[in-house]
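All of these numbers come straight from a predicted model, not from anything done at the bench.
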Amino acid sequence: MRLRTLLIWLAVVPTVAMGTQVTVSAQRLLEQSAQLRADVEVAERIGAPLYTLMVDMQAERTATASLWAGTAGSEGELRIRRAATDSAAAEFRALADDPSRSFTEVTRQLEKLAAYRQRADTRSGAADSTLAYYSEVIGKVIQVYQQEFSHAQDAELAQASRPVVSMLQATEMVAREDTVLALAGPSGELSFVGYDQFVSSLGAQRYLHEALIVPHLTARDERFYERVVGSEDWQEKTRIENAVLSGHKDSVSGIKLPAEVSGWSSAHANFSVQMTTLNIDLARSVLARGEAKAAELQAEVAWLIAGSGGGLLAVVVVVVFTTRSVLRRLHDLHERTVTVAEETLPDVVSRLQRGQSVDPAALPAVTGDRDEVGRISDAFARAVAVSVDGHRQLAAERHGFGLFASGIASRTGNLVSRQLSLTENLQDTFGNDEALLAQLMRSDQLTVGMRRQIENLLILAGGEVPDPHTEPMRVADLLREAAAEVEDFRRIERQALDETSVEPSAISQISHLLAELLDNATRFSPPKSKVVIRAELVADGLSVEIEDRGPRVSPERYEEMNGRLHQAPPYSVLAQNAHRLGLFVVGHLADQLGATVTLRRSVYGGTCAVVVLPAELLRPSGAQTPHRPARREGAPVAAVPAPAAAPAAESAPAPAEEHGPEPHLVPEPDPVPEPHQGTDPEPEPVAEPEPEPVAHTSAGLPSRRTKTPRHAPATALAAPPAPAAAPARPALPERVPQTHIADQLRAPHAPETQVPQDTATPEEVADAWADYEQGTQTVEEELRRDQP
């Protein structure tokens, strides 16, 4: 949605909302004014007849009680009261013609009046039930007052009408006291139920006067009320009530009233007239307030409509002019921003990446405008300046850190190479000590892994892996060299073709890439499972597959990892995944080689890594000069088996890098147990000729080294090699009972002698080493089975 549309809606929505609110408010006020006028009209029309009906019903109830009590002259009084009641009821029925109001309940109750009069005349039933009918009708009348004239929608009128209803209820309580005393008759004796009714009516009327009438009277009404309650008749009423409460006497048949009750009739006749006048004044005051409130509401509606209309017009005018001004300035700001974003900033960033200087005049400047649009323009200028400074600093820091990391990796790599050389010298010197040789080979293996991690740092820093190779290497030898980089290399099963070789310039990079994948495959698969690596020619070059038996990985996870492998991720992603460097290293190496690496689910449920090397890195093996595959300085020979024994408390495996399964899902495999030196039998020395100079220990195991040993006594030499014209593979060690014990356990140690140089071709030497490794592993497996 465009800003112009938003600004228009910004004007339209409040205008419509305000207009709707004004309309609703005006309608509500007009309805309230009409309701007030209707209530006032109904009150003026029917309020007086309704109040007259209530007073006449109270008088008839008292006369009926006198008749029931047998008071002299009560029959004539009752006829007069009934005539007055009939007249008031007829007038009420004539005026209460609105069925929507609450008058129908009173009309329905009046229809029963004749029946209850008949019961009173014949004295059928109890007097209480007959008198209760009159009380019920009077209660309905008071309820009509409460519903029709309370004005609940207006708080002020509701407050003013509250004492009117309370005064009617208090008058009814006093009338009930009069009825109860009339029911006592000439005997002056009440039943227990009648006395309870008198007491409850007395308490109710006093509570109404004290709590609900006096606190809500106006000053004028309060003065009139004080005159009424201060009159002699009201005081006489109060004395008689107190005398009934304190001076009554209990008898077997009821309650004997005191003599003071004889003055009740005259006193009640006088103060009831005053209370009626007060009730009428209160009702008229409420009606006057209702009329004034209705007029006030109409005036308020007029002012509301006039003021809202003027305000809406002003809002529309202001929004129109403001919208045009804002849109014009925002359009100019947009044009400048697009120019900076599409032309200026890309040119500045490109110059910074090339190490060139930037002209400050080409960047937007801060103008210091104080309005909102100007402040946005200045904020954008500051953001551009900060961005340029950040790119400048980032380029400098990245270049400096790359040099720093490369320098550290190079120095550390040199130290590791020297460490590997020292380890080989120690193997040459102390090769006759099997326990020490095992530790030296273990140290050699860990140092090779350390060198690979250092090379990872060099790769990620933008450097290249040192490559000592000068001649092509067969694929089989390349796989063997990559497997030798892995700590648990004995679990790796290689399947490679011999008719293809790899260019010398790519050997170290390919070996490092495959070593990373093999290391993860061995770490994240069961300890006793095999990891298979196979190579074969395909249409696009050479395909190398590495398959393990690790746990399953979700397709989403494979998709994420392949995305990082197919395109070398930026260093910002590397910083967020610093604990998973394997994929980053493999991705960078694959990017340098032009190769593709894909991870997918294996048919065994584990992970299969497929590496496709381009054909430009390959050459046929027949076109090369026969040679022994070069070994990077200090790299272990994969075909050489592990030493005879290793201490139980070897160092823990290094943290694995990222592979198909998450590292925390699969426990890191334990080192493969090896036979304990000195107590378990060892294989006999091999008597067949070896294809290259190999020094053997006294137990018959080859020593991990590539250089010619300095000391080679005749007692430690293997059998002399066969003639070059008829090369033969070395025979597998045979296990002879009681003859495979290590020589150093039988006789004093004798120094080793140098092995004569063999004239076999490199291919023959590689095949012989492969067969020798398989035979040695078979012997080790037999020794393990013989252990108790």
Side-chain angles (χ1 to χ4, degrees), residues 416 420 423 438 441-456 459 465 473 475-496 507-535 544-550 580-583 585-586 589 597 599 606-609 611 629 631-643 646 650-661 663 666-674 704 769-770 773-774 776-777 780:
V416 171
L420 288 172
T423 302
M441 295 189 70
R442 175 66 174 169
S443 175
D444 180 84
Q445 190 71 33
L446 295 177
T447 306
V448 170
M450 186 187 307
R451 181 186 62 186
R452 182 159 49 86
Q453 299 300 326
I454 295 172
E455 291 176 351
N456 288 346
I459 293 171
V465 179
M473 177 182 290
V475 173
D477 298 331
L478 178 64
L479 300 186
R480 184 179 295 110
E481 179 177 289
E485 298 277 338
V486 181
E487 181 178 358
D488 204 1
F489 63 89
R490 281 181 293 253
R491 293 170 47 200
I492 301 175
E493 180 180 330
R494 300 181 303 277
Q495 301 175 9
I507 292 175
S508 293
Q509 291 178 317
I510 298 175
S511 176
H512 193 107
L513 185 149
L514 297 178
E516 285 292 331
L517 296 175
L518 287 171
D519 183 71
N520 283 338
T522 56
R523 290 180 182 272
F524 301 128
S525 58
K528 296 184 180 180
S529 64
K530 288 291 185 180
V531 174
V532 180
I533 178 172
R534 64 179 68 90
V544 181
E545 296 185 12
I546 300 175
E547 191 172 38
D548 60 39
R549 269 70 166 176
R580 300 174 180 176
L581 299 180
L583 288 182
V585 174
V586 172
L589 288 175
V597 182
L599 300 179
T607 298
C608 180
V611 182
R631 175 175 180 249
R632 286 193 291 167
E633 184 178 357
V637 179
V640 181
E650 287 188 333
S651 59
E657 296 167 349
E658 188 167 345
H659 192 265
V666 181
E668 192 163 338
D670 298 330
V672 178
E674 299 177 0
R704 292 185 63 190
W769 273 109
E773 176 188 8
Q774 183 178 0
T776 306
Q777 292 179 351
E780 291 179 353

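Tested against Glu481 for a side-chain contact (heavy atoms from CB on, under 4.5 Å), the candidates Ile507, Leu514, Ile510 yield a single pass: Ile507.
Counting all heavy atoms, side chain and backbone alike, Val597 lies closest to Leu517 at CG1-CD1, 4.2 Å. The two atoms that bring Ala515 and Ala482 nearest to each other are CB-O, 3.7 Å, heavy atoms only. Taking every heavy atom of both residues into account, Thr522 and Ser525 meet most closely at O-OG, 3.6 Å. When all heavy atoms are compared, the tightest approach of Ala535 to Leu479 is CB-CD1, 4.1 Å.
Taking the side chain to side chain contact (heavy atoms under 4.5 Å, CB included) definition, one finds that Thr447 meets it with Val416, Gln419, Leu420, Ser443, sequence neighbours left out. Qualifying side chain to side chain contact (heavy atoms under 4.5 Å, CB included) partners for Gln509, counting only residues two or more places apart in sequence or in other chains: Leu589, Gln592, Leu593.
Put simply, the side chain of Asp519 does not reach to within 4.5 Å of the side chain of Glu485, judged on heavy atoms.
Glu493 contributes atom CD, which lies 10.5 Å from atom CD of Glu547 (distance to the nearest 0.5 angstrom). Put simply, CZ on Arg494 and CG on Leu478 are 11.0 Å apart, with the number rounded to the nearest 0.5 Å. Ile546 contributes atom CD1, which lies 9.5 Å from atom CG of Leu599 (distance to the nearest 0.5 angstrom).
With hydrogens and angles disregarded, a donor-acceptor distance shorter than 3.5 Å links the side chain of Arg491 to the backbone of Ser529.
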